[in-house]
There are 2 protein chains.
Amino acid sequence: MGVADRKEREKEEMKVKILEAAKKLFLGKGFEKTSIRNIADAIEYSPGTIYLYFKDKNELLFNLHVEAFNGLTRELSNIDPELSPIDALEVMGEQYIKFAFENPELYELMFVMEAPMESLECKEEVWDDGMKAFDLLRFLVDRCQKDGYLATYEVDDASLMIWSFVHGLVTLKSRKRLDMFCDSEEDSLTRMMRSFNVFLKQIKCGKS
Amino acid sequence: MGVADRKEREKEEMKVKILEAAKKLFLGKGFEKTSIRNIADAIEYSPGTIYLYFKDKNELLFNLHVEAFNGLTRELSNIDPELSPIDALEVMGEQYIKFAFENPELYELMFVMEAPMESLECKEEVWDDGMKAFDLLRFLVDRCQKDGYLATYEVDDASLMIWSFVHGLVTLKSRKRLDMFCDSEEDSLTRMMRSFNVFLKQIKCGKS
DNA sequence: AAAGTAAATGAACACTGTTTAGTAAAAGCA
DNA sequence: TGCTTTTACTAAACAGTGTTCATTTACTTT
């Protein structure tokens, strides 16, 4: 049936259309401040139409998940393979931080917001994307261990430790909890990077 | 003027009354899900009245700041002084994590939300409370350094590193970003604590 | 008691996410 | 072709939100 096929295509096109408009607005003025009516206006449809393609606002958010993780995974994969594992780990950390600051709204969506997590019972399937990104870290930690770093720990535990630290650093900075102790914007940034270096040195000095 | 004095007192009482109701509701069902009308109902006044005492909803939130930090500072101060610095650091970390899980709404307010930061240009004065809590960590790190731990780093940098890690761990857990990799709730909790222990061991093994 | 002041109200404003009854166009079938 | 059914969409409504403001109520001062 050619008609059914076309309808299927059109439905998919509409979904993409909505998601593109939603993404543009979300990244432009934030999730909270973007209303369904804003999105409807952007695509020149009535608000109700959006609910024919997506369950609710959270599902809209959730559908940007994949794209967001692809972006991060791309960044984290793009590391010089010639580098030693421990140097690559440093670069990966910097890339992660860079991504977080260049895509604050996406980062929020991926690692901070509760809404998209509620949207689906995303136990295994859907967080494949997050898993893929985490695997990049895990793989690198594994290589580091073969070089004698973090050798006594389980890969997963060491990886989570690293992730937690960088995530904590990034969120404290972006949520303005470092500015308090600092005189200027640059000051809080250098302080953040100094702390990042302390963390790295701490890993390096523990070589077995 | 006795009358003016009484009026002043009554105004203050009203403020406290509103804040107490707000606190109860915020902690009970969350900041977002608590409306001004909810608070007004609780104190049996009209919604408009609240705006005679507070600029907006954010200011209401901001006024819980002091109390929240006092709570954390109290917890973090309550550590056996007989303990060695490095053991005390471990306990402090556990206390921090405990506080975060027992007071999720307060933790959010203190370290995650953007709203209260916008409410006031709280550069110095208001974050004194946050500073006081951070100082407890800094003091402990200083003592650890005298024992040879983290010896080569600046106190501030090492302290921020520790804070970032624990904060990251806590937020990843509370925002359900660990459940993805885990089979059960307990699993994600033990995993969190395993990562915490890795971090500690990493500090301990770096003794000079 | 009358005038003036301060406090509290409740309706209104401009929004929000979401649901639903009704409509117009397209598709399937005779 | 005409007729029915299906699909896509809309406009309006619902129940809420934070916030403002003219109006009323209560109290204080003259």
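Every value quoted in this text rests on a predicted model; they were computed, and no experiment measured them.
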C:dA14 P sits how many Å from A:N38 CG, rounded?
16 Å

Between C:dT18 (P) and A:I39 (CD1): distance, integer Å
10 Å

From OH of A:Y45 across to C1' of D:dA11 the rounded distance in Å is 16 Å

Please determine whether side-chain hydrogen bond (donor to acceptor under 3.5 Å, both in side chains) holds for the pair B:S159 and B:D156, giving the CA-CA distance in whole Å, both sets of side-chain angles, and the decisive distance to 0.1 Å.
CA-CA 5 Å; B:S159 302; B:D156 279 356; 5.3 Å; no

Expressed as a whole number of angstroms, how long is the span from A:I50:CD1 to C:dT20:C1'?
17 Å

Should the ring pair A:Y107 and A:Y96 be called parallel, tilted or perpendicular, given that the plane angle runs from 0 to 90° and is split at 30 and 60?
perpendicular

What string of B, S and - do you get for nucleotides 19-26 of chain D, 5' to 3', if B is base contact, S is sugar-phosphate-only contact and - is no contact with any protein heavy atom under 4.0 Å?
BB------

Quick one: A:E59 CD to C:dT18 P, roughly how many Å, whole number?
11 Å

Using heavy atoms to find the nearest nucleotide of DNA chain D for B:K7 and B:T34 separately, return the residue whose nucleotide is more 5′.
B:T34

To the nearest angstrom, how far is A:F31 atom CZ from C:dT16 atom C1'?
18 Å

Between B:M14 and A:E32, which is nearer to the 5' end of DNA chain C once each is assigned its nearest nucleotide?
B:M14

May I ask you to evaluate whether B:Y53 reaches the phosphate of C:dA8, defined as a side-chain N or O under 4.0 Å from OP1 or OP2?
yes

Look at the side-chain N and O atoms of A:K11 and state whether any lies under 4.0 Å from the OP1 or OP2 oxygen of D:dA8.
yes

Nearest atoms (heavy-atom pairs only) where B:E108 meets A:R177:
O-NH2, 4.3 Å

Which atom pair, heavy atoms only, marks the closest approach of B:A22 to B:I39?
CB-CD1, 4.0 Å

Measure NZ/B:K33 against P/C:dG17 and give the value in whole Å, please.
15 Å

Establish, with yes or no, whether the OP1 or OP2 oxygen of D:dC9 is under 4.0 angstrom from a side-chain nitrogen or oxygen of A:S46.
no

One pair to check against side-chain contact (heavy atoms from CB on, under 4.5 Å): A:V112 and B:T171. What are the steps and the verdict?
CA-CA 8 Å; A:V112 183; B:T171 48; over 6 Å; no

Evaluate the criterion side-chain contact (heavy atoms from CB on, under 4.5 Å) for residue pair B:F111 and B:L72; output intermediate values, then yes/no.
CA-CA 12 Å; B:F111 301 120; B:L72 178 61; 3.9 Å; yes

Under 6.0 Å from the ring centre and within 45 degrees of the ring axis: does the NZ or CZ of B:K57 meet both conditions for the six-membered ring of B:F31?
yes

Provide, to the nearest angstrom, the distance between the CG atom belonging to B:D41 and the C1' atom belonging to C:dT9.
14 Å

